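Atoms within each ligand, like the ligands themselves, are counted from 1 in listed order. Just so you know, these numbers come straight off a predicted model, no measurement behind them.
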Amino acid sequence: MTGDLARNKLLPAIYDLANRGLLPPSFALTGFARRDWTLEHFVDVVHESVVKGARTPYVESTWQELARRIRFVSGSFDDQDAFDRLADTVRELDEEIGTEGNHAFYLSVPPSSFPVVLSRLSQSGLSKSANGSWRRVVIEKPFGSDLQTAKELDEVLSAVFAPEDVFRIDHYLGKETVQNLMALRFANQLFEPLWNSHWVDHVQITMAEDIGIGTRAGYYDGIGAARDVIQNHLLQLLALTAMEEPASFEAAALRAEKIKVLSAVRGPRDIDLHTARGQYGAGWQGGAPVNGFLDEDGMNPNSTTETFAAIRLDIENRRWAGVPFYLRAGKRLGRRVTEIAVVFKRAPHLPFDPVSTSQLGLNALVIRVQPDEGVTIRFGAKTPGTKMEVRDVTMDFGYGHAFTENSPEAYERLLLDVLIGDPPLFPLQREVELSWQILDPILEHWDGQPIEQYRPGSWGPDSAERMMAVDGREWRRP
Ligand SMILES: NC(=O)c1ccc[n+]([C@@H]2O[C@H](COP(=O)([O-])OP(=O)(O)OC[C@H]3O[C@@H](n4cnc5c(N)ncnc54)[C@H](OP(=O)(O)O)[C@@H]3O)[C@@H](O)[C@H]2O)c1
């Protein structure tokens, strides 16, 4: 609870939940880390990250109430005594604050430490619930680096916690716009009739960042864009876009539909033709010179890890046969944007002369996940004037305009769901394994191959354009 993720996301989210009156009255927070901090110092660190990162206004009384419930245990993961001290601390909280033996362990720690932390939790008796209380564990991606390692991680987890007590965080699923995708599809009559291969030409799912890897060379080298975000965020977005209507939004029903559709996903037959990958080179972005990926601090100059990946996937079921799903993710691209674009077929006949419709693209429905959350519909309209000329226009729904309350952070929703034990937004191990089954052949094919460079601020390497061109399509420029 002292690392990057905790300071930037988790601690502010806990305060925001407290501020919204949503934390259970018996909530308490215990930090565990190596650094030799006093409780007072840890409380100061939490305070600093709350002041810096909270979404809701700072309220002194909320903070004081939360601060009273904070504890800190200093110790190393290899020190069983430290875990015994952790066990004593949470037992005291059971008495003092009334947590009643209900404990969630958020492993906001390097993934390589999962096995040792889990075995210590088990040895100190912390993972075993008693007298109707619950024990849960929360883990962050990466869930392994291929199918084999994902299974190994699951074995380690299942040795200590029951499957229903494991909460795998994919923070994209906590985002309001991602949940709105389900509202859009299943609460309306307007879109669902069009949501199939009769009307949809293809789907593009983009997660573009305009920043480089910064100081994260140690994490990113050897991982790359496909493992970092396609395996989890983008394939989850694909599943929610393509799945059938769940019987309800209960965890089992929703997960069953995601599993069904992920089971029907097929990777490209010709991987060279229908995938692309690249590394950002040195150049300029936002008016400033920027390093190339291989020159970033701590990078191996011979790395072939990709900072951009694009993949065509097909879904072999009746609804989606013949409709490609193109996924792309990259760093140092033209803009920071995550979106799902459902692109429709051209009208079968256009009763205009071809010049009048030269500015008309394909109709599209674009779900903007971030930033500027909302939905855009693109369609053709007549340009003003005496001639019948048609060009693309857009119709917009923006969360910021339609609702006065701003959207909670994904981590607020997900942390609360862990505490109340509501798991629909947490992927199952089966979903993780299916995602690796889709990606593994592609990753193996890429392994050891030369890698293309692309210009910072562009939309990726030339091969990304080529993979669309062979299908007679092009990427959107969001
Ligand atoms: N950062 C992000 O935005 C992000 C995004 C997605 C997923 N994740 C995932 O979230 C998890 C945490 O990431 P992070 O970036 O916050 O990591 P981090 O900054 O490296 O923090 C790791 C935490 O673990 C503690 N720790 C490490 N080794 C320890 C040891 N031997 N004994 C006791 N404590 C130890 C560190 O405290 P001490 O140094 O005091 O020991 C620190 O509190 C990882 O699984 C990561 O893959 C992070």
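Residue Lys9 does not touch ligand 1, judged by heavy-atom distances below 4.0 Å.
Counting only heavy atoms, the protein gets under 4.0 Å from atom 32 (N) of ligand 1. Less than 4.0 angstrom separates atom 10 (O) of ligand 1 from at least one non-hydrogen atom of the protein.
Remark: Glu40 CD to Asp44 CG distance equals 8.0 Å, nearest 0.5 Å.
Taking any N or O of Pro110, backbone or side chain, none lies under 3.5 Å from an N or O belonging to ligand 1. The shortest N or O to N or O distance between Ser113 and ligand 1 is not under 3.5 Å. Checked against a 3.5 angstrom limit, the closest N/O atoms of Gly3 and ligand 1 fall inside it. Distances between N or O atoms of Arg35 and those of ligand 1 include at least one value under 3.5 Å. When only interatomic distances are considered, the shortest N/O to N/O separation between Phe114 and ligand 1 does not fall below 3.5 Å.
Relative to the six-membered ring of Phe143, Lys141 misses at least one condition, a distance below 6.0 Å or an angle of at most 45° to the axis. Figure legend: Arg477 and Trp475 shown without cation-pi pairing, the cationic atom not lying both under 6.0 angstrom from the six-membered ring centre and within 45 degrees of its axis.
Nearest to atom 27 (C) of ligand 1 among the protein's heavy atoms is Arg34 NH2, 3.5 Å. Closest protein heavy atom to atom 17 (O) of ligand 1: Asp4 N, 4.5 Å. In terms of protein heavy-atom proximity, atom 46 (C) of ligand 1 is closest to Lys141 O, 3.9 Å. Closest protein heavy atom to atom 43 (O) of ligand 1: Thr2 OG1, 2.5 Å. Among all protein heavy atoms, the one lying closest to atom 29 (C) of ligand 1 is Phe77 CE1, 3.1 Å.
Heavy-atom distances between Ser108 and ligand 1 reach below 4.0 Å in at least one pair. The shortest separation from a heavy atom of Ala82 to ligand 1 is not under 4.0 Å, leaving the residue out of contact.
No side-chain N or O of Asn131 forms a donor-acceptor pair with one of Ser133 less than 3.5 Å apart. Using modelled atom types, one finds no donor on one side chain facing an acceptor on the other under 3.5 Å when comparing Tyr15 with His47. In summary, the side chains of His103 and Asp94 do present a donor paired with an acceptor at a separation below 3.5 Å, with no hydrogens or angles considered. A side-chain donor from one of Asp16 and Thr56 sits under 3.5 Å from a side-chain acceptor of the other. Under the 3.5 Å distance criterion, with hydrogens and angles disregarded, a donor-acceptor pair is assigned to the side chains of Asp146 and Thr149. A donor-acceptor contact closer than 3.5 angstrom is absent between the side chains of Glu296 and Tyr220.
Annotation: side chain to side chain donor-acceptor pair (under 3.5 Å) contacts involving residues 446-455, sequence neighbours excluded, comprise Thr275-Trp446, Gln279-Gln453, Thr307-Tyr454, His445-Gln449, Glu452-Ser463.
Interface of Pro142 with ligand 1, defined as ligand atoms under 4.0 Å from a residue heavy atom, comprises 47 (O). Heavy-atom proximity to Ser76, at under 4.0 Å, picks out these atoms of ligand 1: 31 (N), 32 (N), 33 (C).
Qualifying salt bridge (charged side-chain N to carboxylate O under 4.0 Å, His left out) partners for Arg312, counting only residues two or more places apart in sequence or in other chains: Asp314, Asp471.
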